[in-house]
Amino acid sequence: MNKGGGMKKMKYVLVTGGVVSGLGKGVTASSIGVLLKACGLRVTSIKIDPYLNTDAGTMSPFEHGEVYVLDDGGEVDLDLGNYERFLDIKLTRDNNITTGKIYQAVIDKERRGDYLGKTVQVVPHITDAIQEWIERVALIPVDGQPGPADVCVIELGGTIGDIESMPFTEALGQFSYRVGAGNFCLIHVSLVPVISAVGEQKTKPTQHSVRGLRSLGLTPNILACRSTSALEENVKQKLSQFCHVPAENIITLYDVPNIWHLPSLLRDQKAHEGILGALNLPGVAREPNLKEWTSRAEFCDMLLEPVRIAVVGKYTGLSDSYLSLLKALLHASVSLRKKLVVDWVPASDIEDETARENPDAYKAAWKLLKGADGVLVPGGFGDRGVEGKILAAKYARENRIPFLGICLGMQIAVIEFARSILGLHDANSTEFDPDTKSPCVVFMPEGSKTHLGGTMRLGSRRTYFQVMDSKSAKLYGNRGFVDERHRHRYEVNPDMVSSLEDAGLSFTGKDETGQRMEIVELPNHPYYIGTQFHPEFKSRPGKPSALFLGLIAAACGQLDPLLHTHKFPNGMAKKISLYQNGNATKFAKIPADGIYSNCNGVHA
């Protein structure tokens, strides 16, 4: 089946959510994909976001979490990052469907006269456009192999019953009928809360959610119930009776130490049998092989020796704003057998103004920064917290603390160097000071100042190494170039490069023209690297990003042997046994795969 260019008919798995948002549909959909892949099937994914934005590019991270960037420059929902990491695939911008994209496509067709004078309506024109989009995108290969995948996992964002998702639920109801029985499986993720006063698992919210789902023309094949512990047998029977779902198809997504356990959790409850049965594939797929996933999850739980990384950013109040960064840090830490501890440092809290207005916050922020083994300054937009990020870069440079600056983080490192070493005290970016006399960072010529959506330098671009005897080149395996993903509209001013390099800064990576700076290093520093690109977007479990691996290695005192051998330790090669103690912590407390944080004393 897999070697013959794909199956004759695409199979679809739809994941919907009920009762409340934030139940973990994205991670569940990703884990279902991993489970099916472990059964020998090729898997692709689609995320449906019912908001009117064309894409996620113009939304604040506080609104919707990070904006994830794809190879083709698509700015998409963070769940596509989960799909790419879990399934090790490369998606396209069309794998993220939004209401804005669908309506834009339909209105464009109407303006061209494609509807031949008909009245354009939600049904059938919008619903047909949704179905056609799904069928078209499901056929795009995403795993590097020729031909379409076997199964397409579709996640419908939001909660069943939301007004904005109504056209999608109607379209998917029609779609399930159109593709026919045996080609469509609906998995409904719902909440089974426990009332603390009596300790009883309550089924009524899920009953109502399934009733609403059925009223919209969708019938669940499998119920995936989020709860703090495994569902009791009588609760399963009650849900089966009232929701018309076989008891063996009712799965508990109970709380686990880290989300890498989820594929095994689904397998242990025979979720694959229910899915394969609904898709008429029971004799085609093999038993799932999740040995690598199980080993990685158990290994992560066993790590004890901490590595403490301070993330100095603007959006530290919501860890989802930096989700890919956290995953990349985790992948590198696990690879080097270290337990990641993230200290969130609000950039504005280490500025002098905070020292005057809120001295306690100022002291607490600096205490975290000075207690860290390494410093990471991520990207961002706007001038809030910029001076704090510059102070963090200065602290790391002067005190020889391992430092990684990404996008804006690289730009502020250049600004700080110009101010401190070149003596250009007014050095700045024209983004923050349009009239600066020493513009270290300038607006890119091809950018637009009138239209913000989709006008940045986006997607995969090639960086050529200029200095092969550099840490970045060695970490990337001494290759001549590397392809990484970008998202920026400002760049290091090429007119200042020579003076910066004369003072000791080394631009070790540039674009194909040699005029755009991509990687900057301080050669005489243990680890001080800035990148214009976002290496976190291509980090994978078991295949950590080179520069994040370098940061963690430097923070642990392991960088020299890593650079000497040019080998990326995996730590997953052999099976690691683990005696589980049965104590589980909440998904909600560990959104970042078991990363420990100083944030209010809970896991993050």
Side-chain angles (χ1 to χ4, degrees), residues 69 73 376-381 386 389-390 393-394 396-397 403-422 424 427-433 436 438-447 456-476 479-525 527-538 545-548 550-551:
V69 180
L376 173 63
V377 176
F381 297 90
V386 166
K389 291 181 178 183
I390 290 171
K394 181 181 176 71
R397 181 181 59 78
F403 171 88
L404 178 61
I406 294 173
C407 198
L408 177 61
M410 167 189 167
Q411 296 171 6
I412 62 97
V414 172
I415 293 169
E416 190 280 321
F417 189 87
R419 289 182 182 180
S420 300
I421 306 301
L422 293 182
L424 303 173
N428 213 328
S429 166
T430 56
E431 179 181 4
F432 314 124
D433 182 5
T436 177
S438 305
C440 292
V441 179
V442 295
F443 192 79
M444 291 189 297
E446 67 267 40
M456 287 186 275
R457 183 170 178 252
L458 293 163
S460 183
R461 309 289 177 118
R462 185 156 289 181
T463 294
Y464 293 87
F465 289 104
Q466 312 295 306
V467 183
M468 295 311 295
D469 188 29
S470 62
K471 294 184 181 72
S472 55
K474 289 177 181 177
L475 286 166
Y476 275 109
R479 286 179 283 166
F481 62 84
V482 64
D483 295 318
E484 293 280 12
R485 298 176 185 179
H486 295 68
R487 185 175 184 248
H488 66 113
R489 54 168 54 93
Y490 288 83
E491 63 175 333
V492 174
N493 186 351
D495 295 337
M496 292 192 68
V497 167
S498 59
S499 57
L500 289 163
E501 290 198 314
D502 289 344
L505 206 57
S506 179
F507 290 97
T508 55
K510 300 180 183 180
D511 75 344
E512 68 280 358
T513 68
Q515 295 298 304
R516 187 157 282 159
M517 304 304 113
E518 293 281 6
I519 306 175
V520 64
E521 294 187 37
L522 267 180
N524 59 353
H525 190 284
Y527 192 85
Y528 194 91
I529 294 178
T531 67
Q532 188 58 74
F533 51 78
H534 289 263
E536 69 271 22
F537 290 141
K538 293 178 79 170
S545 165
L547 298 180
F548 280 87
L551 175 68

A.B. asks: Count the heavy atoms of every other residue, nucleotide or ligand shown that sit under 6.0 Å from CG of Asp502, and state whether that count exceeds 12.
C.D. replies: yes
A.B. asks: Rounded to the nearest 0.5 Å, what separates atom NZ in Lys474 from atom CE in Met468?
C.D. replies: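 Here the interatomic distance stands at 10.0 Å.
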A.B. asks: Taking it one step at a time, do Glu431 and Arg489 satisfy side-chain contact (heavy atoms from CB on, under 4.5 Å)?
C.D. replies: CA-CA 9 Å; Glu431 179 181 4; Arg489 54 168 54 93; over 6 Å; no
A.B. asks: Phe432: what forms a ring-ring contact (aromatic ring centres under 6.0 Å, His included) with it, not counting sequence neighbours?
C.D. replies: none
A.B. asks: Drop me the distance from Gln466's CD to Glu501's CD, to the nearest 0.5 angstrom.
C.D. replies: 8.5 Å
A.B. asks: side-chain contact (heavy atoms from CB on, under 4.5 Å), that's the test. Do Val520 and Phe417 meet it? Break it down for me.
C.D. replies: CA-CA 11 Å; Val520 64; Phe417 189 87; over 6 Å; no
A.B. asks: Output all residues satisfying side chain to side chain donor-acceptor pair (under 3.5 Å) with Asp483, sequence neighbours left out; order by chain, then residue number.
C.D. replies: Arg462
A.B. asks: Applying side-chain contact (heavy atoms from CB on, under 4.5 Å), run through Gln515 and Glu491 and close with a yes or a no.
C.D. replies: CA-CA 10 Å; Gln515 295 298 304; Glu491 63 175 333; over 6 Å; no
A.B. asks: Looking at His525 and Ala396, would you say the former's side chain and the latter's main chain have a donor-acceptor pair under 3.5 Å?
C.D. replies: yes
A.B. asks: If every non-hydrogen atom of Met410 is compared with every non-hydrogen atom of Met517, which pair is closest and at what distance?
C.D. replies: CE-O, 3.7 Å
A.B. asks: So do the side chains of Leu522 and Phe403 get within less than 4.5 Å of each other, counting heavy atoms only?
C.D. replies: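 Leu522 does not reach Phe403 side chain to side chain.
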A.B. asks: For Lys394 and Arg419, what are the C-alpha separation, side-chain angles and deciding distance, and is it a side-chain contact (heavy atoms from CB on, under 4.5 Å)?
C.D. replies: CA-CA 10 Å; Lys394 181 181 176 71; Arg419 289 182 182 180; over 6 Å; no
A.B. asks: Classify the ring geometry of Tyr476 against Phe533: parallel below 30°, tilted from 30° to 60°, perpendicular beyond 60°.
C.D. replies: perpendicular
A.B. asks: So does Arg397 pair up with Glu416, basic N to acidic O under 4.0 Å?
C.D. replies: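 Counted as a salt bridge, because a side-chain N and a carboxylate O are separated by less than 4.0 Å.
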A.B. asks: With rounding to the nearest 0.5 Å, note down the distance linking CE in Met496 to SG in Cys440.
C.D. replies: 4.0 Å
A.B. asks: What closest approach, in Å, do Val69 and Gly459 show between heavy atoms, and which atom pair accounts for it?
C.D. replies: CG1-N, 3.9 Å
A.B. asks: Where is the tightest heavy-atom contact between Leu408 and Gly380, given as atom of each residue plus distance?
C.D. replies: CD2-O, 3.6 Å
A.B. asks: If you take all heavy atoms of Pro535 and Leu547, which pair is closest and at what distance?
C.D. replies: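 Heavy-atom minimum between the residues: CG-CD1, 4.5 Å.
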A.B. asks: May I ask you to decide if the ring planes of Tyr490 and Phe443 are parallel, tilted or perpendicular, using 30° and 60° as cut-offs?
C.D. replies: perpendicular
A.B. asks: Testing the 3.5 Å rule here: is there a donor-acceptor pair between the side chains of Thr531 and Glu484?
C.D. replies: no
A.B. asks: Might you point out which heavy atoms bring Val442 and Thr430 nearest each other, and give the distance in Å?
C.D. replies: CA-OG1, 3.5 Å
A.B. asks: Measure the spacing between OG of Ser438 and CG of Asp433 and express it to the nearest 0.5 Å.
C.D. replies: 10.0 Å
A.B. asks: So, Gln532 versus Gln411: side-chain donor-acceptor pair below 3.5 Å or not?
C.D. replies: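 Short answer, yes.
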A.B. asks: Give, for atom CG of Leu475 and atom CZ of Phe548, the distance between the pair rounded to the nearest 0.5 Å.
C.D. replies: 12.5 Å
A.B. asks: Locate the shortest heavy-atom distance separating Ile529 from Ser472; write the atom from each residue and the value.
C.D. replies: CD1-N, 4.2 Å
A.B. asks: Check whether any side-chain heavy atom of Cys407 sits under 4.5 Å from a side-chain heavy atom of His534, and report yes or no.
C.D. replies: yes
A.B. asks: Measuring from atom CD1 of Ile390 to atom CD1 of Ile415, what distance do you get when rounded to the nearest 0.5 angstrom?
C.D. replies: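 Between Ile390 CD1 and Ile415 CD1, I get 5.0 Å after rounding to 0.5 Å.
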